[in-house]
Amino acid sequence: MRNDKVAEMLEELGDLKEILGENPFKVRAYRRAAEAIRRLTTPIEEMVEQNKLSEIDGVGESLAAKITEFIRTGKVRELEELRGKVPPSLRAFLDIPDMGPRTAWLVYERLGITTIEELERAAREGRLRHLPGMGPKKEENIIRGIQLLKTTAQRVRLDIAWKIADYIIGELVLLPQAKLILPAGSLRRMKETIGDVDILVATNDSEPVMDKFVSLDGVRDVLAKGTTKSSVLFEHGLQVDVRAVHPESFGAAAQYFTGSKDHNISLRERGIKLGLKINEYGVFREPTDEKIAGETEEGVYEALGLLWIPPEMRENRGEIEAAERRAIPSLIELDDIRGDLHIHSNWSDGSETIEALAKAAVEIGYEYIAITDHSPPLGWGVKPEDLRRQITQIRKLNEHLNDILILTGVEVDILHDGTLALDDELLSEFDVVIASIHSQMKMSAQKMTERILRAMENPYVNIIGHPTGRLIGQREPYEVDMEAIVKRAASEGIALEINASPERLDLKDEHARMCKDYGAPIAIGTDAHAIVHLEFMKYGVGTARRGWLEPSDVINTKPVKAVREFLIQRRPSRRSRKG
DNA sequence: GCCGTTTTCGGCCCGACTGTTTTCAGTCG
């Protein structure tokens, strides 16, 4: 992804300038632009060619010139110069907790230290304490920070973070002092990966809450313990913070600690224009300091003339403007989902029988599910003759089931040339056909796009499964022109999947939003290979909400009849089909 | 470096905490 390279270049420029002591607002400008480019869904080269860089949020004349230089020549002269002044290895110091740009520069300038190993040695030998502003305590903190850096997970998957948060909340809620408990931060925003878990507790007596928190099973190390905030290092190397606030400030604190940072900054800037100060205790009118909101989140937003904004939308991507226009969408909720259209049974690589899956789905309250086992050439794919047997079996099963309908289906492989691994005659037998790529992912964007578009020509394809092939933290998405895919999906009436498996979440949030913009239908499927995986639906819905999707944008919110209509709309009618 | 219902200059979110300080700089979320 070229966009990532440009973003990284801007981040490096920002970091190096910060280490050199450049104006912090300037540094922020580089980081904001980098962030905007990282989340951009169109290739940056296009923006350069069409002279549209200034349309990107936070990109002005100067940054546009640097981006253009980088795209044209692969280099940026200013960056090369900066690297001469600041060894790029110093950037790693910024990842050490309690170590920032000023300290990084100090140890380099005075002691010539350029690597973490040298830094640790100098701290252990007591050579840092003589530097201005430093002392023995700082040396200790730097040594500890380096240890933390080695043992702390970078970011963990959403489901792992939720599991830990649910456990901690389940313990704290038993305390009579805890009036309200809310998971905040990126967890509440359902971001695909979580850096640390923030839990907010409303209480008038925080000590017992903090005591219990830091002594929970699974706490590896206590990083800080106070009456308003405590931090621990939890299993999986995940940092968990608990913050205690008084109930009358709970709304303001919930807003503040949910973020995102960019959303909060925009909100405060808006506050300033209205003569208001916003902090974690409330909204205050300046200069009298009169408190006008804070007990509820709704009140905080209302004080700013805004509708309440769902946490998943709080990324400063236009939600504040939408709230001002009173145009916040009615986002999809887990309860809107009527069925799961992507499930594997033990006929392929799943672990459960079809009956067991159906029973579990009834308990969730679904009206229908689709069994979509793999096709060959995957080793665990079900052979055509067995797929026919499976269809027969499911039809028989349906005769005895009153509470749920099992749709017959398949997840058919898209081969390297865009043809499908099963013939049309067999495909026409299924209620649901998901077409997915599982091999040969290293192609040019153009070839990959042609491959998927060709698969979409097949009249039996209903859904493109995990459309970008990424595995979070393990495998990059393949190169593909998603805009072209989304446009075709919209015109053809093919759904693109939000694969709800927390290791995929594919499509991701921005692409989901692109689908909404172009009117391409979405299917949220869990890709369950076991009964417990059916619960992944909440992560898929979370991703959909981050993409601003409403129930009508998602096909598996529809009742059975409407889903069936959707599934057969592209198929040639039986009468006109020859043979 | 960006940006504009404070519009081409002068702002840019806000508070807590820590360690080093005698009034504050650095870091964090």
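Residue numbers start from 1 in every chain, and the chains themselves are labelled A, B, ... in the order their sequence lines are given, proteins ahead of strands.
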(request) Respond yes when some side-chain nitrogen or oxygen of A:K66 is under 4.0 Å from OP1 or OP2 of B:dG1, and no when none is. (result) yes
(request) For B:dC13 and B:dC2, measure between their P atoms and round to the nearest Å. (result) 16 Å
(message) What's the closest nucleotide to the side chain of A:A29 if the choices are B:dC12, B:dG1, B:dA16?
(response) B:dG1
(request) Let me know the distance between CG of A:L10 and P of B:dC2, rounded to the nearest Å. (result) 10 Å
(request) Take the protein atom CD of A:E269 and the nucleotide atom P of B:dG4, then report the distance between them rounded to whole Å. (result) 11 Å
(message) What is the distance, to the nearest angstrom, from the CG atom on A:L131 to the P atom on B:dG19?
(response) 17 Å
(request) Measure the distance from CG on A:L223 to P on B:dT27 and round it to the nearest whole Å. (result) 18 Å
(request) Mind calculating the distance between CG (A:L274) and P (B:dT6) to the nearest angstrom? (result) 9 Å
(request) Using whole Å, report how far CZ of A:F257 lies from P of B:dC14. (result) 15 Å
(message) Counting only side-chain heavy atoms from C-beta out, which of B:dC28, B:dC13, B:dG15 sits nearest to A:E280?
(response) B:dG15
(request) Confirm from the modelled atom types if A:Y281 and B:dG15 form a donor-acceptor pair under 3.5 Å, side chain to base only. (result) no
(message) Whether A:T228 contacts B:dC17 is assessed here as follows: a side-chain N or O lying under 4.0 Å from the phosphate OP1 or OP2. Is that the case?
(response) yes
(message) Quick check on B:dC13: is either OP1 or OP2 less than 4.0 Å from any side-chain nitrogen or oxygen of A:R270?
(response) no
(message) What is the distance, to the nearest angstrom, from the CD1 atom on A:I96 to the P atom on B:dC28?
(response) 10 Å
(message) What's the closest nucleotide to the side chain of A:F25 if the choices are B:dC13, B:dG29, B:dT20?
(response) B:dC13
(message) Between B:dG1 and A:N23, counting only base atoms on the nucleotide and side-chain atoms on the residue, is there a donor-acceptor pair under 3.5 Å?
(response) yes
(request) Please state whether the rings of A:F536 and A:H533 are parallel, tilted or perpendicular, taking 30° and 60° as the class boundaries. (result) parallel
(message) Nearest whole Å is fine: how far is B:dG15 C1' from A:N264 CG?
(response) 13 Å
(request) Taking only the side-chain heavy atoms of A:P101 (C-beta and beyond), determine which of B:dC13, B:dT27, B:dG15 contains the nearest atom. (result) B:dT27
(message) Between A:N279 and B:dC13, is there a contact of a side-chain N or O with OP1 or OP2 at under 4.0 Å?
(response) no
(request) Using the side-chain contact (heavy atoms from CB on, under 4.5 Å) rule, pick out the option among A:E312, A:H263, A:R314 that qualifies with A:R189. (result) A:R314
(message) Using a heavy-atom cut-off of 4.0 Å across all strands, would you classify A:P24 as base, sugar-phosphate, or nothing?
(response) nothing
(request) Give the nucleotide from the list B:dG1, B:dT6, B:dC13 with an atom nearest to the side chain of A:K273. (result) B:dT6
(request) Please check the phosphate of B:dG26 (OP1 and OP2 only) for any side-chain N or O of A:T103 closer than 4.0 Å. (result) no
(message) Suppose we define a pair by two distances each less than 3.5 Å, Watson-Crick or G-U wobble; what does B:dT8 pair with here?
(response) none
(request) Give a yes/no on whether any side-chain N or O of A:S266 is located under 4.0 angstrom from OP1 or OP2 of B:dC13. (result) no
(request) Go through B:dC13, B:dT20, B:dG29 for me and flag the one nearest to the A:D198 side chain. (result) B:dG29
